[in-house]
Amino acid sequence: MQNKLNVVKNQFIRAFVLCGIVFNAQTANAVGHPKGNYMPDGYSVETIDLPKDVPFHITGLDTSKNNEVFVATRLGEVWRLKQGNWTKFADGLHEPTGLMIEDDGSIIVAQKPELTRLVDINNDGQADDYIQITDDWNFHDNYHEFTFGPVKDKAGNYYGTLNLSHGAPKSFSLGTMGSAGGYRGWAFKVNTKGQFEPFAYGLRSPAGIGISPQDELFFTDNQGDWVETSKLHILQENKFYGHPIPLIDHPDYNEDKIRSMTPADFDKLREKPVVWIPHIEVANSPGNPEWDTTEGQFGPFKGQIFIGDQTQSNVFRVMLDKVNGQYQGAVMNFVGGMQSGNIRTRFDSQGHLWVGQTARGWGAKGGKPFGLEKIVWDGTNPFEVLDIKLTKSGFKINFTEAVEPNTVRANKIAVSEWNYKYSGEYGSAKQNLKQLDIQKVRLTNDNTTLWVDVPLTADKVVMFDFKALTSASQRKPSVNKLYYTLNQLRN
């Protein structure tokens with residue numbers, strides 16, 4: 001098994017370095033690239049010491065109930081952190097990009113060719129058995145054919161996502177990405193009988209999959225061809241998520257039919273994201289969604305989603321809003337200026353948010369090539385936007401502390417909207433960008449809740465810029481821009 005799965009390191013190192021050079025040049029010249037560090041009051045980032053002389057590019061991360069930390073690295077190793085000491089648990093894997101600790105103590109890793117269970121039979125701290133769970137997708141030894149996940153639902157089913165290829169021989173393509181077949185660009189399920197099932201399709205680079213406390217699947221996808229800007233979706237069976245290439249494996253489609261269809265045809269079929277994630281302003285390459293289930297150990301943001309971004313070296317949060325039975329919501333930057341590319345996030349039982357990092361391949365704003373950090377909260381109440389909800393005439397915005405009324409008058413707030421162009425082009429600039437006139441602003445008696453009435457149009461991103469915002473105690477928030485994805489108006 002290990003000989004079969006050994007990584008041909010030099011081949012994909014050369015490929016990733018090349019991609020990184022091109023991408024970094026584009027990113028460096030991008031307009032509006034966020035500058036400086038930001039962090040709410042009461043939060044800090046702790047850097048974790050790593051094994052010496054080990055290229056520790058973390059792409060899989062989980063924490064156990066007794067606060068052990070397991071990580072997978074892109075060079076095919078699994079390590080365990082226990083009481084401050086690192087030990088190698090497994091090696092010889094083919095670029096794993098996801099890891100999960102099972103209740104029985106075994107470790108499941110998502111590597112390019114298969115989903116694998118690692119078992120320490122003799123309890124010596126090293127995996128003795130590498131058990132294949134499934135390999136029922138095609139892997140063509142293409143550097144871009146990542147496997148992400150897994151997550152597990154309450155019934156015991158596993159889920160993961162499969163990246164499209166880039167430059168694979170004999171692949172079907174309508175743009176940058178392609179597929180040589182075998183469920184590239186699909187999400188998959190492994191049921192409780194161990195059977196592989198294609199689950200959903202139309203994914204591009206779905207680098208993060210997560211499952212909510214309510215047992216709902218979500219995934220992030222990275223900006224590119226047929227993906228206007230990065231996004232977060234709820235993941236549902238037999239749904240199409242916008243990239244036409246994976247249709248090549250759908251029984252109702254073939255190459256001729258797909259090529260005959262227009263962007264408008266695909267647009268009618270695809271699911272809307274829960275949130276659009278503005279490119280560069282928030283993220284370029286987001287990782288897995290992680291829910292704050294710490295019951296207040298991590299501050300006032302209970303139930304919200306935290307996602308790291310590899311390129312921006314930041315963590316942002318998602319505030320969900322259920323409108324007419326469907327999720328939409330807002331994104332807002334949370335912590336910036338971290339040391340490397342944030343691709344994996346996970347809360348531990350003490351309420352700390354661990355962040356696994358790699359800059360390899362696509363580069364990162366943080367200067368280090370890899371690392372592991374955790375975000376901790378000291379109990380200080382920050383002054384930040386707490387959440388946002390759509391109303392019939394605008395938005396209701398809650399704050400963590402009373403605001404100074406003079407700083408949220410209509411002339412102190414800027415509100416704008418835009419949409420994106422869906423096409424096979426690589427990403428989209430903002431379309432139909434315009435400022436919105438604020439019709440009414442009002443505060444609750446305790447000054448912690450703000451109602452803002454503005455003209456509402458479906459299928460827009462609405463941005464609030466609280467440029468002058470301060471609290472009653474004269475504190476300023478760490479960031480002042482909030483982006484709400486307005487898929488539909490409230491009935």
Side-chain angles (χ1 to χ4, degrees), residues 32 218 227-234 241-242 263-264 267-268 270-279 281-283 301 303-305 316-333 384-400 403 405 407-422 428-444 447-469 477 479-491:
F218 287 73
V227 181
E228 302 93 304
T229 190
S230 298
K231 55 184 181 173
L232 173 71
H233 279 280
I234 187 166
Y241 290 93
D267 194 20
K268 292 176 183 177
R270 68 172 180 156
E271 299 298 304
K272 294 180 180 180
V274 172
V275 292
W276 293 110
I277 306 169
H279 190 61
E281 295 172 59
V282 178
F301 307 110
Q304 294 187 12
I305 303 171
F316 60 95
R317 56 191 175 100
V318 177
M319 296 155 267
L320 296 180
D321 187 13
K322 209 161 195 179
V323 176
N324 306 329
Q326 302 294 320
Y327 285 121
Q328 54 191 44
V331 298
M332 195 167 195
N333 283 314
E384 302 289 337
V385 171
L386 179 58
D387 64 22
I388 180 171
K389 302 296 183 186
L390 181 69
T391 69
K392 289 189 175 182
S393 58
F395 298 89
K396 174 187 176 184
I397 304 167
N398 294 310
F399 296 87
T400 58
V403 303
T407 65
V408 289
R409 298 186 187 278
N411 62 349
K412 300 290 187 179
I413 305 171
V415 186
S416 57
E417 70 172 18
W418 64 84
N419 60 289
Y420 296 103
K421 179 184 177 182
Y422 172 62
S428 170
K430 295 175 182 177
Q431 308 288 310
N432 306 305
L433 175 62
K434 71 175 184 178
Q435 295 297 121
L436 298 180
D437 293 329
I438 297 176
Q439 298 166 334
K440 190 175 182 180
V441 174
R442 59 197 183 279
L443 279 167
T444 54
N447 291 339
T448 60
T449 301
L450 176 70
W451 278 269
V452 181
D453 289 352
V454 292
L456 298 174
T457 306
D459 295 317
K460 300 287 186 180
V461 175
V462 180
M463 185 189 78
F464 287 84
D465 186 351
F466 298 101
K467 50 191 175 182
L469 182 66
V479 293
N480 57 13
K481 291 183 179 178
L482 171 67
Y483 306 84
Y484 186 98
T485 297
L486 183 57
N487 289 329
Q488 57 178 313
L489 308 185
R490 191 173 291 280
N491 290 338

side-chain contact (heavy atoms from CB on, under 4.5 Å) assessment of Val274 paired with Thr485: CA-CA 7 Å; Val274 172; Thr485 297; over 6 Å; no
Residues Lys440, Trp451; criterion side-chain contact (heavy atoms from CB on, under 4.5 Å); working and verdict: CA-CA 8 Å; Lys440 190 175 182 180; Trp451 278 269; over 6 Å; no
side-chain contact (heavy atoms from CB on, under 4.5 Å) assessment of Tyr483 paired with Val331: CA-CA 5 Å; Tyr483 306 84; Val331 298; 3.8 Å; yes
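Here the straight-line distance linking atom CG of Leu386 with atom OG1 of Thr400 works out to 6.5 Å at 0.5 Å rounding. Note that OG of Ser393 is 8.0 Å distant from CD of Gln439, once rounded to the nearest 0.5 Å. Met319 CE to Ile397 CD1: the interatomic distance, rounded to the nearest 0.5 Å, is 9.5 Å. Distance CZ/Phe316 to OG/Ser230: 7.5 Å, rounded to 0.5 Å. To the nearest 0.5 Å, atoms CG (Leu436) and OG1 (Thr457) are separated by 7.5 Å.
You'll find the side chain of Ser416 stays beyond 4.5 Å of the side chain of Lys434, heavy atoms only. A heavy-atom distance below 4.5 Å is not found between the side chains of Leu469 and Asn480. Annotation: side chain of Trp276 is not in contact with side chain of Leu232 (no heavy-atom distance under 4.5 Å). In this structure, Asp453 and Ile438 have side chains that are not in contact, with every pair of non-hydrogen atoms separated by 4.5 Å or more. Side-chain contact between Ile305 and Leu320 is present, with heavy atoms from C-beta onward closer than 4.5 Å. Residues Val415 and Phe395 fail the side-chain proximity criterion, which asks for heavy atoms closer than 4.5 Å.
Under the 3.5 Å distance criterion, the side-chain polar atoms of Tyr422 are matched with a main-chain donor or acceptor of Gly242. Thr229 places a side-chain N or O within 3.5 Å of a backbone atom of His279 that can act as its donor or acceptor partner. Proximity of a side-chain donor or acceptor of Thr449 to a complementary backbone N or O of Thr444 within less than 3.5 Å is not detected. With hydrogens and angles disregarded, a donor-acceptor distance shorter than 3.5 Å links the side chain of Gln328 to the backbone of Gln488. Checking side-chain atoms of Arg490 against main-chain N and O of Leu390 turns up a donor-acceptor pair under 3.5 Å.
In terms of the side-chain hydrogen bond (donor to acceptor under 3.5 Å, both in side chains) criterion, Thr391 has no residue partners (sequence neighbours excluded). For Leu443, the side chain to side chain contact (heavy atoms under 4.5 Å, CB included) partners at least two apart in sequence or on another chain are Val403, Pro405, Val408, Asn447, Leu450. Evaluation of the side-chain hydrogen bond (donor to acceptor under 3.5 Å, both in side chains) rule for Asn487 yields no partner, not counting sequence neighbours. Here Asp387 pairs with nothing under the salt bridge (Lys or Arg N to Asp or Glu O under 4.0 Å) rule; sequence neighbours left out. Partners of Arg409 under the salt bridge (Lys or Arg N to Asp or Glu O under 4.0 Å) rule, at least two apart in sequence or in another chain, do not exist in this structure. Taking the side chain to side chain contact (heavy atoms under 4.5 Å, CB included) definition, one finds that Ser428 meets it with Glu228, Tyr420, Lys421, Gln431, sequence neighbours left out. Taking Thr448 as the reference, Asp446 meet the side-chain hydrogen bond (donor to acceptor under 3.5 Å, both in side chains) condition, with sequence neighbours excluded. Under the salt bridge (Lys or Arg N to Asp or Glu O under 4.0 Å) criterion, Lys481 pairs with no residue at all, not counting sequence neighbours. Scanning for side-chain hydrogen bond (donor to acceptor under 3.5 Å, both in side chains) contacts around Glu417 gives an empty result, with sequence neighbours left out.
At most 12 non-hydrogen atoms from other residues, nucleotides or ligands lie less than 6.0 angstrom from NZ of Lys412. Atom CG of Asn411 sits in a crowded spot, with more than 12 heavy atoms from other residues, nucleotides or ligands closer than 6.0 Å.
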Return a table of donor-acceptor pairs under 3.5 angstrom between the side chains of residues 458-466 and protein atoms on other chains or two or more places apart.
{"unit_1": "Asp459", "atom_1": "OD1", "unit_2": "Lys272", "atom_2": "NZ", "d": "2.7"}
{"unit_1": "Lys460", "atom_1": "NZ", "unit_2": "Asn419", "atom_2": "OD1", "d": "3.1"}
{"unit_1": "Asp465", "atom_1": "OD1", "unit_2": "Lys467", "atom_2": "N", "d": "3.4"}

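Counting only residues at least two apart or on different chains, no salt bridge (charged side-chain N to carboxylate O under 4.0 Å, His left out) pair has a member in residues 388-400.
The two residues Ala330 and Leu482 have their closest heavy-atom pair at CB-CD1, 3.7 Å. In terms of heavy atoms, Asn333 sits closest to Val479 at O-CG2, 3.3 Å.
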